[in-house]
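Notes to accompany the following structure.
Below, chain A is the first sequence line, B the second, and so on; all start at residue 1. Quick caveat, the model's predicted, so the values are computed rather than measured.
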Amino acid sequence: MSERTSPPATSPPRSASLRWRVLLVLALAAIVPTIIVGVLAIVRARDDVQREVIRGALAHIRALGSALDGTLQDSRRTVELAAATWADAPDDAQRTQLLLKRLRRDVPIVHALSILDADGKLRYGDPVPAGAAVGSHSFGGYVGDAVHAEGRPVVHLVVQARGRTGELIGVFVASLDLGFVRDLLAAARLGPGARVVVVDGAGVPVASSDGGPLGTSSLAGKDPAVDRALASSVEGTLSTAGWISAYRNLSSYQSLRGVRWAILHQQPEDQAYALARRTTRDTLIIGGVALALALALGGFFATRLTRPLAALAKRADAIAAGNADRAPPIAGPGEIGVLGQRIDEMARRIAERSELQSALARGDRLASVGVMSAQVAHEINNPLTTVLGYAKLLAEDKPDGHPDRAGLDLIASEAERMKGIIGGLLEYARTPRQSEREIGAGTDLGPRAKPDAPPSTEPATVMRHVGALLDPQLKKARAKLVTRVESTTPVAIDAHALQQVLVNLVQNAAQAMTATPDGESSGRTITITAKPAPGGIATLITVADEGPGVPAADRGRVFDPFFTTKAAGVGTGLGLAVCKHLIATAGGSIELGDGPNGRGAEFRLVIPNAR
Amino acid sequence: MACLAASASGCGHEAPAPTPIRFLHTFNPDETELFNATIAERGLAVESSLVPFARGQQVISEILQTRAGCPDLIRIDATWLPGLRAHLVPVPADLAALDWTPEAAALGRLDGAWWGVPQAVDGLLVIRDLASPAPASTSIADLVAAARAARSEGRRYPLGLRVDGYWLVPWLRAEGSDLATGAIDGPNAAGALATFADVFGDVAAPPPPSGSEAPDELRRWNTHEVAYWITGPWQLGALRDPERVAVSALARAPRGGQLLVVPACAKHPDQGWRLAGELASIPVAVVLAQAFSTVPTRISALASAPPLARAAYEALRAAQMLPRVPVTPLLFDDLNPALAAVVARDATAEEAIEGVRRGWRRLVGAR
């Protein structure tokens with residue numbers, strides 16, 4: 001794992017970008033609907049208000065026009081009935097005067113009332129008003145155009161009085177005061193800034209709700225709404241110059257034969273549509289608040305949503321940097337949590353693989369060292385044997401107390417120690433099969449496997465053999481060996497290699513317990529346990545002692561060759577290195593940890609089960 | 001909108017708005033709306049004003065006499081032309097030279113000169129329900145006989161007829177009389193009046209209240225109460241199911257129409273004639289024919305008109321115009337009440353005709 005990849009420089013921005021993108025998506029998800037709904041609400045409100053304003057205005061002028069029309073029609077019918085009655089006895093002056101009196105009383109808007117004969121001469125009542133064309137080409141009577149007489153708007157009502165045979169007897173001419181129109185408009189409840197105006201056929205105002213000038217000049221050609229009203233036969237609306245106008249040509253009623261006028265309801269648009277403006281403003285405010293809330297919540301949830309993702313990215317960076325074991329576990333909701341678990345698992349496996357690769361690399365190095373050491377040891381061993389032999393021979397020739405005797409014994413002793421070291425080096429460099437031929441020859445570890453067959457060893461057998469083998473040493477060290485076999489599954493390691501490992505570990509344990517401060521290991525126990533490893537594909541063999549344990553600072557080095565915590569001259573520092581080498585060669589692993597209950601040391605061997 | 005609102009005072013450097021053509025007309029409400037839409041489509045600046053037909057001659061006469069608010073163009077009934085001619089200007093030669101139908105040309109010409117641009121031809125004709133047999137001839141007698149034969153339980157009065165002097169004209173003419181002051185003095189006028197009145201309550205329904213004749217007639221036709229209807233082309237456009245209609249002539253029926261005239265007091269007579277030309281143009285005539293079965297006045301427009309309008313034209317070809325004198329439209333003022341009195345059995349035909357004679361003499365004397 002020396003080929004480490006540096007974390008991408010864009011990692012933090014990538015995480016931030018994701019958060020901002022999520023925020024952007026949430027913002028868009030909030031903004032777009034808010035804007036669409038807001039615009040629709042505003043447009044809809046404006047359309048509704050506009051439609052209601054127009055509908056209200058039209059309804060208003062319809063009602064006013066109908067009231068105006070109804071008043072004039074009632075007057076016409078009353079005068080017609082009177083004229084028909086009068087035609088039966090036109091020469092009865094007394095009855096005629098009584099009739100006129102009743103007419104003035106029953107038709108309060110009558111301003112002047114005249115009865116003419118068939119030739120157009122006045123017979124009864126008031127003088128005929130100027131401008132009232134009477135008696136002919138009227139198809140039986142009419143309500144004339146509005147005129148302004150004596151400062152007041154009036155219309156002339158002409159009713160023909162015909163006898164039983166239909167012959168013209170006379171003509172009733174009534175001037176109807178249109179002051180009632182003014183009163184009608186004044187009583188109308190109008191919206192802010194609104195006005196209602198009635199114009200005659202020439203566009204001259206007849207009555208106005210705002211008290212505007214009457215009977216002076218025509219609005220035709222000046223007010224487009226008036227032009228439109230006079231040109232129309234029905235009703236309609238016109239929006240121009242900031243005013244909304246609803247108009248109705250009263251001539252279209254056709255109920256009053258001949259009258260020509262129109263009624264208009266006009267209101268400044270800004271006042272007519274004030275409700276729409278308020279609605280627009282309120283919609284904007286509410287929409288803005290809703291949008292801000294949506295963005296705030298969106299930001300909150302975006303951060304919350306991307307936090308596990310950021311952790312994942314950080315974890316990925318740590319993995320890429322080779323620090324997978326330093327990152328905290330990832331917790332997250334739903335798929336993100338599952339993804340975190342998978343990444344954790346992946347990181348663990350990568351770490352294991354990394355460790356394995358390191359071990360393999362280290363094993364290769366150690367193998368190289370072993371080969372070289374074996375060659376060196378082989379070359380040194382022969383001369384050393386010679387030195388040892390001659391040293392012993394010379395020592396035997398010297399009597400006790402001879403001044404050379406101590407030196408020769410020292411040479412022999414050191415030579416023995418050197419042979420021990422060389423023996424260890426040779427052992428380390430040997431392959432298991434080489435070791436098996438030499439170490440296992442003549443033992444009862446079972447039949448030899450064929451050279452090319454995969455190894456298969458029952459741990460229990462080896463554990464018993466080790467117990468028997470080391471029993472004298474353990475008694476001497478006053479230690480007790482306990483074996484616990486919870487798995488009888490054969491493991492894929494050569495029996496002699498496993499024996500060598502266990503012997504080494506038990507001896508170390510015995511020495512460690514002997515080396516305790518109190519120097520007493522009596523009653524202390526060394527326990528070898530074999531049981532299935534988690535996963536069911538390997539067997540876990542532990543060797544635990546009750547000694548002082550291994551300091552944490554030394555645990556990483558105990559498997560290094562020539563590392564030892566024993567006193568000088570005791571041990572070569574190759575035992576554990578050989579153990580790890582043998583286990584690793586079998587595809588297993590060996591670890592050092594605290595003993596049970598935190599006391600002593602425990603070596604944990606995981607060896608693949610044999611197939 | 002702001003520009004529109006400010007159009008009165010000018011908007012930017014746009015050309016000043018053209019002076020609107022002042023137009024006084026007697027279109028009915030539906031025709032008015034179509035006219036307004038047509039004018040808007042053609043981009044013409046027109047300031048129009050509606051004059052109710054019943055007072056049209058009086059209002060227009062007053063305007064032309066006083067010259068106050070004088071329009072550039074007026075749509076009038078053809079019967080008003082003799083009375084208004086003194087206040088009008090002749091039709092330009094280019095307009096007069098268009099392809100007018102003979103009936104339209106007869107409307108626009110008076111005493112050998114063109115005074116009005118014919119806009120529509122109308123008159124009385126017979127609308128028949130196709131489910132009912134055609135009368136043996138166009139005569140009144142055969143029509144009444146056919147109506148009488150069509151009477152049934154649900155169709156008590158199969159003939160549609162209006163109590164109006166205009167509708168009396170065929171009866172007067174059948175008796176050798178006419179809507180003329182001299183003709184009314186003849187011995188047969190009262191007989192015509194009596195015969196006409198006798199139809200009501202026999203094959204024609206008693207008249208509705210005054211003022212509701214047109215809608216009542218249309219209702220009765222649309223509900224199949226009527227099999228034969230003496231009416232004018234102006235009703236064809238309102239029929240609910242025109243496919244069950246056959247249009248035929250009525251013997252001695254009156255024929256008239258609408259004219260576009262330019263008064264002598266017009267400020268912009270050329271503009272008036274321009275608008276008249278537009279209204280008499282083929283496209284506008286066809287639009288009116290399609291919408292209201294208005295009988296076109298130009299041959300080329302007639303060719304493009306819908307079948308009902310063409311049938312109406314054919315039915316009116318045999319009709320005869322009313323006497324073209326100023327007093328003619330005024331005669332109805334006395335004739336209608338007399339007719340109503342006879343139909344209502346308030347008076348005999350002789351009594352009513354005598355009153356009409358006095359009224360007409362008074363009218364002629366006053367003029």
(message) Does any backbone or side-chain atom of B/A340 lie under 4.5 Å from a heavy atom of chain A? Answer side chain, backbone, both or neither.
(response) neither
(request) Nearest 0.5 Å please: distance from the CG atom of A/D227 over to the CZ atom of B/R22. (result) 9.5 Å
(message) Could you report the tightest heavy-atom contact between A/A220 and B/E47, atom names first, then the distance?
(response) CB-OE2, 4.4 Å
(message) When you compare the side chain of A/L168 with that of B/R362, does any pair of heavy atoms fall below 4.5 Å?
(response) yes
(request) Sort A/A118 into side chain, backbone, both or neither according to what part of it lies under 4.5 angstrom from a heavy atom of chain B. (result) both
(request) Mind checking the CG-OG1 spacing from B/D346 to A/T165? Nearest 0.5 Å is all I need. (result) 9.5 Å
(request) Spell out, as yes or no, whether a donor-acceptor pair under 3.5 Å connects the side chain of B/N36 to the backbone of A/A231. (result) yes
(request) Mind ranking B/P337, B/A347, B/A344 by heavy-atom pairs under 4.5 Å with chain A and telling me who comes out on top? (result) B/P337
(request) Just grab all the salt bridge (charged side-chain N to carboxylate O under 4.0 Å, His left out) pairs involving residues 66-85 of chain B, residues at least two apart or on different chains. (result) B/R85-B/D111
(request) Taking the side chain as every heavy atom from C-beta outward, state whether B/E351 and A/R164 have any atom pair closer than 4.5 Å. (result) yes
(request) Sort B/V342 into side chain, backbone, both or neither according to what part of it lies under 4.5 angstrom from a heavy atom of chain A. (result) neither
(request) Find the distance between CZ (A/R162) and CG (B/N336) and round it off to the nearest 0.5 Å. (result) 8.5 Å
